[in-house]
Amino acid sequence: MDSKNYVMIYSIVPREYMNNSKLNSTDKLLLCHITALCKKNGYCIATNRYFMSIYGVSKTSISKSINKLVKLNILNSKIEMTDMNNTR
């Protein structure tokens, strides 16, 4: 296979999050991906649409997962309404 078809993600996530029964597989995978994207700048600017396209799930599923991770104090979130991520 062509290497352009692969996304390289390296992440270290504490066991307490991976063993958390409140998190489903999508939540955990999203946490790993966001953690990996945060390594460069200390924050992640990926949009819900970006994750939706990679994982093949609905925008609602991504939003629910992110909101769950924020509610459980695993992630912090800041929403910026710009032309780039405004879906109106």
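Under the 3.5 Å distance criterion, the side-chain polar atoms of N41 are left unmatched by any main-chain donor or acceptor of Y43. At least one donor-acceptor pair closer than 3.5 Å links the side chain of D27 to the backbone N or O of N24. Checking side-chain atoms of S61 against main-chain N and O of V57 turns up no donor-acceptor pair under 3.5 Å. A donor-acceptor contact shorter than 3.5 Å links the side chain of S53 to the backbone of Y50.
Atom NZ of K71 sits in a sparse spot, with 12 or fewer heavy atoms from other residues, nucleotides or ligands closer than 6.0 Å. Within a 6.0 Å radius of CG in N76, no more than 12 heavy atoms belonging to other residues, nucleotides or ligands are found.
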Practice task
Take L31 and V13 through the side-chain contact (heavy atoms from CB on, under 4.5 Å) test and state the conclusion after the steps.
Solution key: CA-CA 8 Å; L31 176 60; V13 178; 3.8 Å; yes
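You'll find the side chain of L30 reaches within 4.5 Å of the side chain of F51, heavy atoms only. Side-chain atoms of L72 and L23, non-hydrogen and from C-beta on, do get closer than 4.5 Å to each other. Side chains of I34 and L75 form a contact here, defined as non-hydrogen atoms less than 4.5 Å apart.
Taken from CG in L69 to NZ in K64, the straight-line distance is 14.0 Å, to the nearest 0.5 Å. The line from CD1 of I54 to CZ of R49 is 13.5 Å long, rounded to the nearest 0.5 Å. Between the OG1 atom in T26 and the NE2 atom in H33 there is a gap of 13.5 Å [rounded to 0.5 Å].
Between M18 and K28, the closest heavy-atom pair is O-NZ, 2.8 Å.
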